[in-house]
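Every value quoted in this text rests on a predicted model; they were computed, and no experiment measured them. Numbers restart at 1 for each chain; the letters A, B, ... are given by sequence-line order, proteins then strands.
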Amino acid sequence: MGTLETMKDIFDNPNKIIEEWKKDGRKVVGHRCMYVPEEIIHAAGMLPYPTFGTPEPIKKADSYFQPCACEFVRNLFDLALDKKFGFLDSMVLCNTCDAVRHLYNMWDTYVDSVPCYMVNNPQKMYDESGFKFYRMELEKFKKLMEDLSGNKITDESLKKSIELYDETRKLLKELNDLRKRDIPAISGSEFLVTSMASMLMPKEKANPLLRKLIDEVKNREIKNADGPRILLTGSIIDNPTLIELVEDMGGVVAVDDLCTSAKYFWYTTKPNNDPMDAIVRFNLERTLCACAHPSEDRYDYLQELIREFNVDGIIYFNIKYCHPFVYESAIFRKKLEEEVPTLTLEVDHSLSGLGQLKTRVQAFIEML
Amino acid sequence: MATKVTTPGKKNLQTTLEIGKAIRAYYEGVKEAKSAGKPVIWSYGLVPREIFHAADAPVLYLEHLPLMIGAKQLSGRYIQLAEEEGFSRDVCAFHRCFLGCAVAKDRDPYLEKLFVSPDLIIASNLPCMSESKSFLYAADHHNCPYYFLDAPINTWGKDIPDYAIEYFAGQLQGAIDSMEEHGFKVDMDKLKESINLTKKMMGLWNEIDNCRKTVPTPMSTVDGITAAYPLIQLPGTQLGVTLFERLLEELKEKVEKKQGVIEDEKLRLMWFGVPPFYNMGLFNYVEKYGAVVVKSMVEYIAGGAFDPSKMDPKKPLESLAYKALVDIVNPTYPNMVDFIVKAVEEFKIDGLIGVVKRSCGLLPGYMRLVKDAVYKDKGIPTSIFDLDGLDIREYDDVTSKANLDSFVESLLASKRRQ
Ligand code: SF4
Ligand code: SF4
């Protein structure tokens with residue numbers, strides 16, 4: 001099996017990772033969002049596990065959430081109610097959007113089997129007083145992780161974890177850079193699967209695999225690379241179907257600004273003798289999410305992606321009722337359009353209505 | 001000719017009429033100040049108003065504007081304008097409405113009387129995502145500076161830790177600095193005085209609440225929602241205190257005379273969610289059954305469910321930080337749910353009406369939690385249905401009334417069985 005296939009296999013069967021990890025009695029801590037500091041969980045000897053949804057229609061969760069809540073969150077809650085996250089020893093959320101705050105409310109009230117914790121991160125970046133506040137929150141979180149795992153987190157262990165996670169980010173970025181070429185070495189959908197598999201895996205395993213993959217594909221050229229180069233952004237995409245749809249319509253997904261992809265690895269931690277401070281600054285010296293401020297930062301970052309990846313068009317895939325991205329796309333639209341044509345689409349997380357989406361994506365790609 | 005189905009709410013109190021006048025006078029003052037060349041602030045969310053009063057700053061409150069034009073049934077046109085600017089129907093109708101007002105090239109005469117352009121925008125993420133994001137568009141459109149106050153969500157309940165208070169107090173200081181940078185002078189002595197006045201107002205509001213617990217209730221939520229205006233807009237002012245003193249006096253008299261909103265009070269209801277601002281008469285609709293909507297949750301936003309002893313004039317910013325962070329609408333859920341459960345008991349509520357404004361990211365998320373908690377703790381049922389309190393285009397009168405009819409009839413039937 002080539003490494004791309006191995007990545008796909010891990011993405012399709014994440015249970016194998018869990019089973020292997022749990023064999024020695026080690027714990028798994030689920031989380032949702034990149035503002036949850038995985039390094040702290042890892043330094044306590046546990047596996048940080050990013051929870052993703054499924055394209056299945058919602059069943060039980062709809063009697064808890066109103067249908068006007070983000071479908072991704074309702075989907076996660078559905079899985080939680082169905083005990084699909086029963087392997088988690090704890091779930092960790094953080095302060096991002098209204099929907100995630102309510103996910104915490106619901107989980108804490110109705111899911112007894114897996115305790116849920118909320119990390120209270122500031123939404124304002126670059127603010128010294130916010131760093132102080134967040135540090136206090138992270139110290140509490142660190143203690144919680146120590147209690148859960150029974151392991152002490154030392155500065156040394158935390159530094160090692162930061163190094164390991166930074167290495168994953170660097171490798172993913174290196175792989176992503178191979179998409180800058182006129183004919184990318186890896187397609188958008190292959191990249192998303194690889195990126196998500198690397199997020200799911202213990203980094204000790206992900207890093208050698210990523211190195212091997214870079215070696216394998218660095219001289220490769222994907223087929224059908226003569227279409228317009230697209231930047232994908234918007235709400236979470238945790239399934240390659242939407243990217244495949246753009247590719248099937250003749251677009252080249254040159255880069256994506258997604259929580260399951262570039263947002264996860266774009267930056268690395270700055271050198272710092274105090275590892276907790278390094279994590280504080282890593283999370284609060286960048287505006288990667290549309291939830292955070294100042295939004296100008298995100299605009300500049302999108303500009304960087306447009307330039308570096310030679311982008312011809314932008315597609316916002318906004319999950320219905322995803323307020324952060326619905327606002328952002330409306331606020332950025334005019335400015336972005338002065339540079340590159342931008343299409344904003346409302347999508348269902350369950351991927352219903354793909355036919356209609358196809359027509360709009362096709363028209364956009366033809367226009368480019 | 002289409003029949004007009006919406007009606008204004010019927011008020012029963014003299015003081016709420018006075019409060020209505022005070023609202024209009026306030027906005028006339030803002031307009032006059034702008035004409036006299038004074039800079040104007042736009043603000044919204046739960047930004048503590050006391051810092052504005054301490055600077056005598058004219059402020060347009062952007063959750064209030066949609067509400068007022070909503071009451072005149074004018075909101076639809078402005079909501080539509082925002083949608084044409086690219087704001088999807090998924091995001092808050094209040095924010096779409098005010099964004100429509102902000103970008104409109106011509107405005108209805110009623111709105112024109114209230115509307116002034118901003119010189120500075122101060123906004124916060126309290127209590128929801130919309131509050132922190134829509135102002136970015138407005139600031140861009142009017143090419144004016146903005147300051148963003150970051151509020152931590154409340155993961156602590158009533159015991160907000162010092163580091164959180166310190167953080168939000170620091171954010172408030174940042175807002176003050178930004179005001180001073182843009183032509184306002186914040187008088188710290190006046191701010192301390194404002195804290196004293198807020199403390200008084202909160203104490204009076206608690207007494208007003210006590211009167212409302214009486215059976216029959218002397219004040220329904222139609223008056224209550226107008227009465228809550230000083231809580232939102234006039235905390236820290238003598239005018240706010242005076243209005244509440246008068247309201248309390250009027251209510252005490254009614255309690256003494258056992259004068260209820262309706263003659264034969266059979267059912268007491270509570271409203272959870274955004275009220276139908278374009279059709280406040282819907283609250284009166286249930287009165288034909290002998291039912292009164294005694295209280296609505298929105299009257300308690302901005303400190304109404306707050307313990308005034310926590311205000312310390314010596315620590316003005318810390319006091320305001322505590323008040324804002326502990327507010328019932330600041331997620332996460334324990335304070336909100338505790339407040340509703342306690343209110344259901346103290347106000348002797350027979351049933352809860354939960355209305356879902358689909359574009360609201362915050363309140364619909366509480367429905368199930370509140371419904372389960374009041375049923376589990378107090379055995380009180382809740383009826384939940386869709387009703388967007390601001391977007392008149394989405395209003396369905398027949399269905400809304402049918403929902404109320406069936407709920408009230410079932411409550412009456414179960415009372416008869418008892
Ligand atoms: S998709 Fe949007 S609304 Fe849903 S969890 Fe993510 S940011 Fe929040
Ligand atoms: S709480 Fe709901 S109604 Fe109020 S501003 Fe936020 S989204 Fe709009």
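Residues of residues 99-108 of chain A having a heavy atom under 4.5 Å from any heavy atom of chain B, listed by number: A/R101, A/H102, A/Y104, A/N105, A/M106, A/D108.
Here B/K133 is the residue among B/R89, B/Q171, B/R358, B/K133 with the most heavy-atom pairs under 4.5 Å with chain A. Chosen from A/M118, A/R333, A/E328, the residue pairing most often with chain B at heavy-atom distances under 4.5 Å is A/R333. Note on B/A82, B/P331, B/C128: by heavy-atom pairs under 4.5 Å with chain A, the leading option is B/C128. Counting heavy-atom pairs closer than 4.5 Å to chain B, the top residue among A/H293, A/Q123, A/M136 is A/H293. Between chain B and the options A/T109, A/V326, A/D127, A/N120, the largest number of non-hydrogen pairs under 4.5 Å is found for A/N120. Counting heavy-atom pairs closer than 4.5 Å to chain B, the top residue among A/P324, A/S329, A/C97 is A/P324. Chain A forms more heavy-atom pairs under 4.5 Å with one residue of B/C360, B/A151, B/G86 than with any other, namely B/G86. Highest contact tally toward chain A, considering only B/G170, B/S134, B/P334, is held by B/S134 [criterion: heavy-atom pairs under 4.5 Å]. No other option in B/G174, B/P364, B/A373, B/G361 has as many heavy-atom pairs under 4.5 Å with chain A as B/G361.
The line from NZ of A/K132 to OH of B/Y163 is 12.5 Å long, rounded to the nearest 0.5 Å. Rounded to the nearest 0.5 angstrom, B/I153 CD1 and A/D98 CG are separated by 10.0 Å.
Open room surrounds CG on B/D162; 12 or fewer heavy atoms of other groups in view lie less than 6.0 Å from it. The number of heavy atoms from other shown groups lying within 6.0 Å of CD (A/Q356) does not exceed 12. Counting non-hydrogen atoms of other residues, nucleotides and ligands closer than 6.0 Å to OH of A/Y126 gives a total above 12. For A/K143, the NZ atom is loosely surrounded, since the number of other residues' heavy atoms within 6.0 Å does not exceed 12. The local environment of NZ in B/K315 is sparse, with at most 12 non-hydrogen atoms from other residues, nucleotides or ligands closer than 6.0 Å.
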Under 3.5 Å, side-chain donor or acceptor atoms of residues 57-68 of chain A against the rest of the protein: list the pairs with distances, not counting sequence neighbours.
unit_1: A/K60; atom_1: NZ; unit_2: A/D82; atom_2: OD1; d: 3.0
unit_1: A/D62; atom_1: OD1; unit_2: A/R74; atom_2: NH1; d: 3.0
unit_1: A/S63; atom_1: OG; unit_2: A/K60; atom_2: O; d: 3.1

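Between A/K124 and B/D150 the shortest heavy-atom distance is N-OD2, 3.4 Å. Across all their heavy atoms, B/L136 and A/S295 have their closest contact at CD1-OG, 3.6 Å.
Using a 4.5 Å cut-off on side-chain heavy atoms (C-beta onward), A/P294 and B/F148 make no contact. Side-chain contact between A/Y327 and B/C92: present, with at least one pair of heavy atoms (C-beta onward) separated by less than 4.5 Å. Inter-residue side-chain proximity for A/Y110 and B/R368 is flagged as met; some heavy-atom pair is nearer than 4.5 Å.
Using a 4.5 Å cut-off between heavy atoms, B/V91 contacts chain A through both its backbone and its side chain. Looking at B/M129, the atoms closer than 4.5 Å to chain A (heavy atoms on both sides) sit in the backbone and in the side chain alike. For B/S130, the parts sitting under 4.5 Å from any heavy atom of chain A are the backbone and the side chain alike. Residue contact with chain A, scored on non-hydrogen atoms closer than 4.5 Å, is absent for B/F168. Residue contact with chain B, scored on non-hydrogen atoms closer than 4.5 Å, is absent for A/C70. Neither the backbone nor the side chain of A/E128 comes within less than 4.5 Å of any heavy atom in chain B.
Under the rule for a side-chain contact (heavy atoms from CB on, under 4.5 Å), the partners of A/K334 that lie at least two apart in sequence or sit in another chain are B/E85, B/Y137. For the side-chain contact (heavy atoms from CB on, under 4.5 Å) test, residues two or more places apart in sequence or in another chain that qualify with B/L81 are B/Y78, B/E84, B/A104.
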